[in-house]
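Only this structure's heavy atoms are used, side chains among them; waters, hydrogens and symmetry mates stay out. What you are looking at is a predicted structure, and each value in this text was computed from that prediction instead of being measured.
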Amino acid sequence: QVQLVESGGGLVQPGGSLRLSCAASGSIFSINVMGWYRQVPGKQREMVALSTSGGSPKYADSVKGRFTISRDNAKNMVYLQMNNLKPEDTAVYYCNARVRLRNGVQGDYWGQGTQVTVSS
């Protein structure tokens, strides 16, 4: 149906930057929302940034001013530019998309996650 593939995670020092990418593929008719979530062991997944079609992006307070979400609708891709990274940003980052399939079915889809580690 729909597959989300993430890339760009890795190890970075505090104050450094990373850019995450997510590509959606499959029987996609439209994507209304694409976003990034993160999760640390023992904690629930939290929203990091969302991009809604025709609307302004939304950010978690903890990343506002440091992270920027962008979207390429023609390529069904979403990006997360992460600057001034902090150790507390360490988590598995997941791409999410709210997709309407060509058969009319709508649902949320998730990527496999990519590890981001911020450490000196």
J.: Please tell me whether Y37 and W110 form a close aromatic pair, meaning their ring centres lie under 6.0 Å apart.
T.: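 Under 6.0 Å, so yes.
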J.: So do the side chains of Y59 and V48 get within less than 4.5 Å of each other, counting heavy atoms only?
T.: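 No, side chains not in contact.
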J.: For L85 and L18, work out which heavy atoms get closest and say how close.
T.: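 The answer is CD1-N, 3.8 Å.
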J.: Tell me, with the steps shown, if M34 and M77 meet side chain to side chain contact (heavy atoms under 4.5 Å, CB included).
T.: CA-CA 8 Å; M34 298 191 78; M77 295 192 69; over 6 Å; no
J.: Whether the side chain of S21 engages the backbone of Y79 through a donor-acceptor N/O pair (distance < 3.5 Å, no angle test) should be reported.
T.: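 Side chain of S21 to backbone of Y79: no pair is present.
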J.: Going through the checks in order, is the side chain to side chain donor-acceptor pair (under 3.5 Å) test met by S17 and N83?
T.: CA-CA 4 Å; S17 298; N83 297 326; 2.9 Å; yes
J.: Give me the atom names and distance for the closest heavy-atom approach of Y94 to G111.
T.: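 For Y94 and G111, the tightest heavy-atom pair comes out as CD2-O, 3.7 Å.
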J.: Quick one, T114 and L20 - any side-chain contact, counting heavy atoms below 4.5 Å?
T.: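 SC-SC contact between T114 and L20 confirmed.
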J.: Return the minimal non-hydrogen interatomic distance between M82 and V116, and the atom names on each side.
T.: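 Minimum heavy-atom contact is CE-CG2, 4.0 Å.
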J.: Counting only pairs under 3.5 Å, give me each side-chain donor-acceptor contact of residues 1-12, with atom names and distances, residues two or more places apart or in other chains.
T.:
unit_1: Q1; atom_1: OE1; unit_2: Y109; atom_2: OH; d: 3.3
unit_1: E6; atom_1: OE1; unit_2: Q112; atom_2: N; d: 3.1
unit_1: E6; atom_1: OE1; unit_2: Q112; atom_2: NE2; d: 3.4
unit_1: E6; atom_1: OE1; unit_2: G113; atom_2: N; d: 2.5
unit_1: E6; atom_1: OE2; unit_2: C95; atom_2: N; d: 2.3

J.: Please answer: with hydrophobic residues joined when any side-chain heavy atoms are less than 4.5 Å apart, are W36 and F67 in the same cluster?
T.: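 Yes, one cluster joins them.
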J.: Applying salt bridge (charged side-chain N to carboxylate O under 4.0 Å, His left out), which residue pairs with at least one partner in residues 17-41 are found, sequence neighbours left out?
T.: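 For residues 17-41, and leaving out neighbouring residues, the salt bridge (charged side-chain N to carboxylate O under 4.0 Å, His left out) pairs sorted by first residue read R38-E46, R38-D89.
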J.: Indicate if V40 and V92 have the same hydrophobic cluster label, given that clusters are the connected sets of ILVMFWY residues with side-chain heavy-atom separations under 4.5 angstrom.
T.: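 V40 does not cluster with V92.
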J.: Sequence neighbours left out, what passes salt bridge (charged side-chain N to carboxylate O under 4.0 Å, His left out) with D72? Give chain and number order.
T.: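 Testing D72 for salt bridge (charged side-chain N to carboxylate O under 4.0 Å, His left out), a comparison that skips the adjacent residues, returns none.
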J.: Can you tell me which residue among L80, N96, V78 is in a side-chain contact (heavy atoms from CB on, under 4.5 Å) with C22?
T.: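 For C22, the side-chain contact (heavy atoms from CB on, under 4.5 Å) check succeeds only for V78.
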J.: Looking only at heavy atoms, what is the nearest atom pair of A97 and I31, with distance?
T.: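 A97 and I31 have their closest heavy atoms at CB-CG2, 4.1 Å.
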J.: Could you tell me the separation between the CZ atom of R66 and the NZ atom of K86, rounded to the nearest 0.5 Å?
T.: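 One finds 4.5 Å between CZ of R66 and NZ of K86.
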J.: May I ask you to test the S53-R71 pair for a side-chain heavy-atom distance under 4.5 Å?
T.: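 Heavy-atom side-chain distance check passes, below 4.5 Å.
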J.: What pairs with Q106 under side-chain hydrogen bond (donor to acceptor under 3.5 Å, both in side chains), at least two apart in sequence or on another chain?
T.: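 Q106: no side-chain hydrogen bond (donor to acceptor under 3.5 Å, both in side chains) contacts found.
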J.: Where is the tightest heavy-atom contact between A91 and Q115, given as atom of each residue plus distance?
T.: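 So the minimum-distance heavy-atom pair works out to O-NE2, 3.4 Å.
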J.: Assess whether atom CD of E88 is packed by more than 12 heavy atoms of other residues, nucleotides or ligands within 6.0 Å.
T.: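 Correct, the count exceeds 12.
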J.: Is any side-chain heavy atom of N76 less than 4.5 Å from a side-chain heavy atom of I28?
T.: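 Side-chain contact under 4.5 Å: yes.
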J.: What distance separates S30 OG from L101 CG, expressed to the nearest 0.5 Å?
T.: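 So the gap between those two atoms works out to 9.0 Å.
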J.: Give me each pair satisfying salt bridge (charged side-chain N to carboxylate O under 4.0 Å, His left out) with a member in residues 95-111, each pair once, sequence neighbours excluded.
T.: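 For residues 95-111, and leaving out neighbouring residues, the salt bridge (charged side-chain N to carboxylate O under 4.0 Å, His left out) pairs sorted by first residue read R98-D108.
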J.: Test of understanding: with side-chain hydrogen bond (donor to acceptor under 3.5 Å, both in side chains), list the residues that count as partners of S25, not counting sequence neighbours.
T.: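 For S25, no residue satisfies side-chain hydrogen bond (donor to acceptor under 3.5 Å, both in side chains) once neighbours in sequence are set aside.
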J.: Can you list the steps and then say if Q13 with S119 is a side chain to side chain contact (heavy atoms under 4.5 Å, CB included)?
T.: CA-CA 5 Å; Q13 293 183 333; S119 176; over 6 Å; no
